[in-house]
Amino acid sequence: MDERLHRVLTARTPGDLAPALASLPQGTADTTSTLAALSGRIRRRGAWRVPRRLKVESAFGKVHLDLSRAVIEHPVVDIELQLGTGRAKITVPRDAVVDTENLQTVWKDRLYKPRQRTRPGGPKIRIAGTMGFGRLKIRHARR
């Protein structure tokens, strides 16, 4: 354990970490985390860990997901929205690629303007699900 801990603490690149972490158990990638509220506000911001699959359910409330400083460990993150009348705002990292092809809106259209230039290697955020009478606003972080 001491040797492995020393390797992790002195690592300078992700490649240096691989041998020390190779024998650790892997988490299940197919689990889905759910954030739900009947009314009120669902809010995540700061350095929170984003799961591979996130389901957000709200009948009447507002949703604000800020991924700009979040810990995103997966190259692809699936966010499923099941929203009624509330509105939603999602802030993604600067270098993220956003896909909203599988999102269905009933009343108002989504507000999203893709970035002209993105750096390679950013996460892909796929947003799907249904929105009732609210509006979804997606923006890229400034920093």
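In this chain, numbering begins with 1 at the start of the sequence shown.
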Provide the closest heavy-atom pair for [X] versus [Y] in the form atom of the first, atom of the second, distance.
| X | Y | answer |
| --- | --- | --- |
| Val50 | His74 | O-CD2, 4.0 Å |
| Pro123 | Ile72 | CB-CG2, 4.0 Å |
| Ile125 | Ala96 | CG1-CB, 4.1 Å |
| Trp48 | Asp66 | NE1-O, 2.9 Å |

[atom1]-[atom2] distance between [X] and [Y], expressed to the nearest 0.5 angstrom:
| X | Y | atom1 | atom2 | value |
| --- | --- | --- | --- | --- |
| Ile90 | His140 | CD1 | NE2 | 11.5 Å |
| Thr34 | Arg53 | OG1 | CZ | 12.0 Å |
| Gln104 | Met131 | CD | CE | 12.5 Å |
| Thr32 | Ile79 | OG1 | CD1 | 12.0 Å |
| Arg44 | Ser33 | CZ | OG | 10.0 Å |
| Arg41 | His64 | CZ | NE2 | 9.5 Å |

Handout entry: Step-by-step side chain to side chain contact (heavy atoms under 4.5 Å, CB included) determination, Leu67 to Leu54
Key = CA-CA 12 Å; Leu67 306 176; Leu54 178 65; 5.9 Å; no
Problem - Close side-chain approach of Lys55 and Gln82, heavy atoms under 4.5 Å - result: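 Counting from C-beta outward, Lys55 and Gln82 do come under 4.5 Å.
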Exercise for the section: Indicate yes or no: at least one non-hydrogen side-chain atom of Leu65 is less than 4.5 angstrom from one of Leu35. Expected result: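 SC-SC contact between Leu65 and Leu35 confirmed.
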Practice task
Would you please test Leu136 and Thr105 for side chain to side chain contact (heavy atoms under 4.5 Å, CB included) and show each step?
Solution key: CA-CA 9 Å; Leu136 171 64; Thr105 58; 5.9 Å; no
Handout entry: Audit row: Lys89, Arg139, side chain to side chain contact (heavy atoms under 4.5 Å, CB included) steps and yes/no
Key = CA-CA 8 Å; Lys89 179 180 178 183; Arg139 72 175 190 91; 3.9 Å; yes
Problem - Side-chain donor or acceptor of Ser58 paired with backbone N/O of Gly61 under 3.5 Å - result: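 Side chain of Ser58 to backbone of Gly61, a donor-acceptor pair under 3.5 Å: yes, one is there.
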Handout entry: Side-chain ion pair, Asp78 and Arg52, N-O less than 4.0 Å
Key =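 Yes, this pair counts.
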Exercise for the section: Considering only NZ, NE, NH1 and NH2 on the basic side and carboxylate oxygens on the acidic side, decide whether Arg126 and Asp99 come within less than 4.0 Å. Expected result: no
Completion exercise
Only residue of Val77, Leu81, Val92, Val56 satisfying side-chain contact (heavy atoms from CB on, under 4.5 Å) with Ile127 is Leu81
